[in-house]
Protein chains: 2
Amino acid sequence: MNAGPDLTMLAGAVGDATRIRMLELLMEGRALVAKELAFGTGVSPATATAHLQRLEQARLIRATRQGRNKVFRLATPTVARMVEALMTVAVRGPRASAAPEPLRAARYCYDHLAGRLGMGITDALLRSGHLSLRRRAFVLTPSGEAWCQDFGIDLSSVREQRRHFAHRCLDWSERRDHLAGALGAALAARVFSLGWVERQPDSRGLIVTPGGQRGLKRHFGVL
Amino acid sequence: MNAGPDLTMLAGAVGDATRIRMLELLMEGRALVAKELAFGTGVSPATATAHLQRLEQARLIRATRQGRNKVFRLATPTVARMVEALMTVAVRGPRASAAPEPLRAARYCYDHLAGRLGMGITDALLRSGHLSLRRRAFVLTPSGEAWCQDFGIDLSSVREQRRHFAHRCLDWSERRDHLAGALGAALAARVFSLGWVERQPDSRGLIVTPGGQRGLKRHFGVL
DNA sequence: TTCATCGTTCGCTCCATGGCGAACCATTTC
DNA sequence: GAAATGGTTCGCCATGGAGCGAACGATGAA
């Protein structure tokens with residue numbers, strides 16, 4: 001049994017919805033860069049920086065620089081066990097095991113779509129021949145270029161971004177690759193600006209609106 | 001892997017210095033009444049009520065009524081494990097294992113003194129014959145009554161309180177009984193009002209002032 | 001019955017801090 | 001070199017909520 005100032009600092013560090021969601025994101029094992037954590041929690045980069053500094057100061061996460069990126073990971077396995085203990089208590093809350101489902105249905109993975117929604121769109125584009133799967137990435141076919149234009153994606157502005165165009169990203173809930181990279185982000189942004197999906201208030205999950213269900217069915221045959 | 005509103009509520013419930021100290025107090029095994037928790041964390045009863053309600057709403061503690069008292073205990077062993085996991089992370093902070101020492105030296109146990117200080121005073125009173133140990137409680141001897149008067153404790157007002165006069169309380173760090181009850185509280189209050197001890201800013205621990213060291217040595221031969 | 005005492009509720013103040021946008025370095029890419 | 005991007009810093013606003021005191025039911029002791 002003991003106490004001390006450390007514990008109050010720890011309490012302050014852990015006791016915030018955004019910060020605990022950051023820890024939760026890092027619990028997936030992969031190290032994430034700052035912007036991913038900002039996107040994943042739905043806050044601005046500036047706000048994310050403040051949170052990450054506080055978590056780092058409390059020795060809960062560890063940061064390493066890679067080029068102009070800063071990648072974060074959980075500091076120690078002890079921290080991981082602590083987060084797990086918190087989750088264990090959380091899931092036996094009022095309505096247990098209701099939480100994971102919306103996440104598996106639709107969520108953001110960084111700046112693109114994941115979950116069954118992201119996989120469904122990716123599959124639809126593959127089936128219709130708009131997208132082709134290569135070893136390290138997806139490739140947009142000529143028919144896919146036409147489809148993008150039709151869907152309202154400005155390919156020229158997407159291509160001039162300095163990042164991978166159509167990367168593969170492993171979906172942890174579906175166990176398969178979905179569309180990521182600049183094209184994945186542009187597609188997600190378009191779907192969002194069409195009002196097809198909305199961010200869930202206190203979760204990383206997304207909600208597909210009624211209009212979105214119709215649109216997704218018409219364009220992709222999903223949902 | 002999961003998320004959800006439950007986790008944000010849990011984060012909010014845990015993420016406060018006063019509330020986490022309440023959980024810490026309850027980690028000592030014994031169930032505590034509201035006022036004990038208020039005293040132990042150094043807040044007013046009104047503030048304590050708010051905190052306890054929040055902890056109860058988050059299912060971290062459970063309350064049962066006993067007469068006009070309300071006793072609180074940790075809700076489940078799972079919660080205890082969570083608090084322990086938090087402590088485990090906390091103690092490997094910047095300066096590890098520095099925290100327990102001041103607590104073992106001197107602290108409040110509810111409204112009376114505990115730790116080596118509380119034990120030392122109790123032992124001194126027993127050795128000098130001012131206090132006598134009985135099966136269920138301490139007894140103040142005639143010489144002890146005179147001593148109290150000399151020390152500045154108004155015994156008449158202590159006796160008219162509706163609570164046990166000189167209860168025995170098990171010290172978890174010393175593994176022996178120290179003086180509690182109305183007399184123990186009055187003695188602690190007197191020591192406090194003499195400026196011999198001061199509450200440590202962010203801990204349950206007490207600091208013995210230089211003047212207190214002299215006074216304690218003169219009156220009790222301790223420290 | 002009368003009076004303490006425990007806990008709660010209410011109203012209020014005040015501080016911490018989460019959040020953002022804008023401006024600013026650092027680094028990479030063309 | 002120029003341009004774009006990742007991250008940080010700064011200033012500001014708004015709000016949540018921690019804290020208290022006072023007044024109020026409820027319970028138990030005398």
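Naming convention: chains lettered A, B, ... in sequence-line order (proteins, then strands); numbering from 1 in each chain.
The shortest distance between the side-chain N/O atoms of B/Thr18 and the OP1/OP2 oxygens of D/dA18 is not below 4.0 Å. Put simply, A/Lys35 has a side-chain N or O that comes within less than 4.0 Å of OP1 or OP2 on D/dG6. Remark: B/Lys70 is in phosphate contact with C/dT8, judged by side-chain N or O atoms under 4.0 Å from OP1 or OP2. At D/dG19, one or more side-chain N or O atoms of B/His51 fall inside 4.0 Å of OP1 or OP2 (strictly under the cut-off).
The side chain of B/Asn69 lies closest to C/dC6 when the candidates are D/dG19, C/dC20, C/dC6.
In terms of the side chain to side chain donor-acceptor pair (under 3.5 Å) criterion, residue partners of A/Ser156 (sequence neighbours excluded) are, by chain and number, A/Asp154. Residues satisfying the side chain to side chain donor-acceptor pair (under 3.5 Å) criterion with A/Thr209, sequence neighbours excluded, are absent altogether. Under the rule for a side-chain contact (heavy atoms from CB on, under 4.5 Å), the partners of B/Ala13 that lie at least two apart in sequence or sit in another chain are B/Ala58, B/Leu60. With sequence neighbours excluded, no residue forms a side chain to side chain donor-acceptor pair (under 3.5 Å) with B/Arg68. With sequence neighbours left out, the salt bridge (charged side-chain N to carboxylate O under 4.0 Å, His left out) criterion links A/Glu56 to no other residue. Take B/Gln53 and apply the side chain to side chain donor-acceptor pair (under 3.5 Å) test, not counting sequence neighbours, and it matches no residue. Every residue two or more places apart in sequence or in another chain that forms a side-chain contact (heavy atoms from CB on, under 4.5 Å) with B/Ala34 is listed here: B/Leu52, B/Phe72.
The distance from atom CG of A/Leu37 to atom C1' of C/dG19 is 17 Å, rounded to the nearest whole Å. Between the CZ atom of A/Arg54 and the P atom of C/dG19 there is a distance of 12 Å, rounded to whole Å. Residue A/Phe39 contributes atom CZ, which lies 13 Å from atom C1' of D/dG6 at whole-angstrom precision. Taking atom CD1 on B/Ile20 and atom C1' on D/dA18, their separation rounds to 16 Å, with Å as the unit. As rounded to whole Å, 16 Å separates atom C1' of D/dG17 from atom CE of B/Met9. Between A/Phe72 atom CZ and D/dG7 atom P the separation is 8 Å, expressed in whole Å. Put simply, CG on B/Leu52 is 15 Å from P on C/dC6, counting in whole angstrom units. When rounded to the nearest whole Å, the span between CG of B/Asp16 and P of D/dG16 equals 16 Å.
Aromatic ring pairs are classed by plane angle as parallel below 30°, tilted from 30° to 60° and perpendicular above 60°; the pair A/His112 and A/His178 is tilted.
Look at A/Arg19 and A/Glu24 and you find no salt bridge, because none of the NZ, NE, NH1 or NH2 atoms lies under 4.0 Å from a carboxylate O.
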Identify each atom pair where a protein N or O and an N or O of nucleotides 9-13 of chain D are less than 3.5 Å apart, giving names and distance.
from, atom 1, to, atom 2, distance (Å)
D/dT9, OP2, A/Gln53, NE2, 2.6

Nucleotides 23-30 of chain C: which of its N/O atoms have a protein N/O under 3.5 Å away?
from, atom 1, to, atom 2, distance (Å)
C/dT29, O2, A/Arg162, NH1, 3.4

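Rotation axes derived from the C1' atoms of the five outermost pairs at either end of the helix from C/dT1-D/dA30 to C/dC30-D/dG1 lie 30° apart, to the nearest 10°.
Here the closest heavy-atom approach between residue A/Thr41 and residue A/Leu37 is recorded as OG1-O, 2.7 Å. A pairwise comparison of heavy atoms in B/Leu131 and B/Thr141 identifies N-OG1, 4.2 Å as the closest pair. The heavy-atom pair separating B/Ala11 from A/Val14 by the smallest distance is CB-O, 4.0 Å.
With contacts defined as side-chain heavy-atom distances shorter than 4.5 Å, the pair A/Ile61/A/Leu23 qualifies.
Within residues 182-192 of chain B, no residue approaches DNA chain D, by heavy-atom distance under 4.0 Å.
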Using distance only, find each side-chain donor-acceptor pair of residues 184-195 of chain B under 3.5 Å and give its atom names and separation, not counting sequence neighbours.
from, atom 1, to, atom 2, distance (Å)
B/Arg190, NE, B/Phe151, O, 2.9
B/Ser193, OG, B/Ala189, O, 3.4
B/Ser193, OG, B/Arg190, O, 3.0

